[in-house]
Amino acid sequence: MMTDRPLLTEVCATTTPGDHEPEGSAVAMPRVHKFGGTSMDGAERLQALAAIIRDQRDPSVVVVSAMAGVSDELSRLADAATTGDDAPGVPDPATTLAAMKQRHLDALQVIVKEDAARASVAARIDEIFDGATQLLGEGPGAEAKRFTDQLMAVGEDLAVELAVSALQAEGIAAAVLNAREVVWTNSEFGAAVPDFESIRKLAPSNILSVVEEGCVPVVQGFIGSEADGATTTLGRGGSDFTATLLGAALGSPEVVIWTDVDGILSGDPSLVGDARVVPDVGSEEAVELSYFGARVIHPAAAKHAIASDLPLRIKNSFAPERPGTLIHSHRGAAAAFAAVAHKTNVALIRVRAFPTALAYGFLARVFGVLGRHAVPVDLVSTSHSSTAFTVDRDEDLSAVYQALSVFSEVDVLKDVATVTVVGRGMLREPGMDALVFWAVEKTPVYLISQASDVSINFVVDEAEAPELVHRLHLSLIELKEGAREDAAREEEEREEEVREEEAVEEEAPEDEALEEEAREKEASERKEGDRR
Ligand code: ADP
Ligand code: ASP
Ligand code: MG
């Protein structure tokens, strides 16, 4: 679908003439602004997006995700089609697509007041849904992942249409710039690897001319295309990655990730009620946090931004005036902080060497197996003759299991989660270990791993993870902050006391002087009286 779509620079226009002209567009490199699903969710949010872009001083490139929930619905449709599942409870494709279409048309109705302009966007929306219906009718054939990516792209294809409409309605010249023309990838459908070299050439040549015309290019996040022109996706949550790919290729001063929270928080707000915004995060900490479950930023995006020396800012599209979180692209630039993250969908593999095995070479054999089967490992802990490590639960582990069983006893725990404390500086503070282990005390732990001063990780039963996150946050952030506040208050009280004492001392000489004066006066009056 849509692979032959031309670049749409020629339709870069406003529906209503506006006076938006980004300052300095001839010189300044554009900032890339990426809007996530909740920031795209309906007319009001799309109008907020347009207002944010209107208020930018530098020229902008906009990257958008599908409206909230749309990618999940499409993914369920793709799964049902590939497994041939039409059991009760599995969504009916026609009903799901009709409701999805209505949601987009409802937003369009509010955003675009002018009938002809609205009809032309509605026709595009029709076309996209016709494509989806046809695709579902044809079915996945032998290439389920290829089929899934084609279908998933519908969400972002719809999103760019609405975002352009919202910008134009705000008087901003804007046009769809098809990500398939710029984000070239390999053919690993579902988790395509970008071709950085090509993107570095394609992005400036396709995007900068649009920007120089005073137009805002709006690009689908998450999708790209492979050598045959078929649509690929970068993996769930991949729009952040699109934004950093474009930002790095364009030499942008900053990429802004607009989402529904105030920035990177000290804990997942769905688990900790009192999460605090972290104003500054160093690059390594950001990668650890994103990798170990803080989904506010995609790990590939964080890694790529760092590798490209590209500052990233996370901001709240519901409160654009708030400062958000700045992720510095270099190591150790940020202030000390701590945050807790957790990741589910993890499997723990425990491997114990057979007693007859050689005393050396065991670990090399274990990791040799993992390397040959291309299974990425997250956390590792080892002892003399055994090792345990975590991998993604969705990996097909049967071949690895068999290969390891040749020389060791293997067991695989699938209902586990990792809980991670991230925070350079803080983890070095004296007493931190005690605070961490106070929180962990009540939770059975399968594995502890600390490979650097940036983070410490625990593997626990998945059901235990929320409580552990809560206790770690309480111990390391809430109580610690409380303790810091108490200390600050005590300090202030002490200073106040000192000030009062000094004031008394300063008053004292004055009093003495007055008393002296009074005594002298009294004496001289007495003398005067005696004389008389
Ligand atoms: P978007 O749709 O904008 O890409 P995501 O849902 O991918 O948004 O990421 C934002 C969400 O990440 C927040 O709503 C929040 O619930 C969740 N989240 C989890 N951990 C954190 C954290 N440490 N800091 C901020 N947000 C977090
Ligand atoms: N819409 C895609 C998803 O939900 C990409 C993204 O949101 O970043 O995974
Ligand atoms: Mg996201």
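Every value quoted in this text rests on a predicted model; they were computed, and no experiment measured them. The first residue in the sequence is number 1, and the count goes up from there.
- Contacts of R200 classified as salt bridge (Lys or Arg N to Asp or Glu O under 4.0 Å), with partners at least two apart in sequence or in another chain: E197.
- Contacts of K34 classified as salt bridge (Lys or Arg N to Asp or Glu O under 4.0 Å), with partners at least two apart in sequence or in another chain: D240.
- Annotation: ring-ring contact (aromatic ring centres under 6.0 Å, His included) contacts involving residues 298-319, sequence neighbours excluded, comprise F196-H304, F241-H304.
- With hydrogens and angles ignored, the 3.5 Å screen pairs a side-chain donor or acceptor of S266 with a backbone N or O of R276.
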Candidate pair I53 and V62, rule side chain to side chain contact (heavy atoms under 4.5 Å, CB included), full reasoning: CA-CA 8 Å; I53 298 302; V62 171; 3.7 Å; yes
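- Taking CE from M67 and CG from L162, the interatomic distance works out to 5.0 Å, rounded to the nearest 0.5 Å.
- A donor-acceptor distance shorter than 3.5 angstrom exists from the side chain of T133 to the backbone of F129, with no hydrogens or angles considered.
- Although no hydrogens or angles enter the test, the distance criterion places no donor-acceptor pair under 3.5 Å between the side chain of S308 and the main chain of L310.
- V176 places a side-chain heavy atom less than 4.5 Å from the side chain of E161.
- Taking 4.5 Å as the limit, some side-chain heavy atom of V110 sits within range of a side-chain heavy atom of Q47.
- To the nearest 0.5 Å, atoms CG (L77) and CG (L151) are separated by 6.0 Å.
- Applying the ring-ring contact (aromatic ring centres under 6.0 Å, His included) definition to pairs two or more places apart or across chains, none involves residues 265-286.
- Between Q220 and N178 there is a side-chain heavy-atom pair separated by less than 4.5 Å.
- With a 4.5 Å cut-off on side-chain heavy atoms, L167 and L49 count as touching.
- The closest side-chain heavy-atom distance from E462 to R393 is below 4.5 Å.
- At a threshold of 4.5 Å between non-hydrogen side-chain atoms, the residues S290 and R295 do not count as touching.
- The side-chain hydrogen bond (donor to acceptor under 3.5 Å, both in side chains) search around R103 returns D41, not counting sequence neighbours.
- Between T418 and D378, every side-chain heavy-atom pair lies at or beyond the 4.5 Å cut-off.
- For the salt bridge (Lys or Arg N to Asp or Glu O under 4.0 Å) test, residues two or more places apart in sequence or in another chain that qualify with E254 are R31, R313.
- The shortest distance between side-chain heavy atoms of R45 and T38 does not fall below 4.5 Å.
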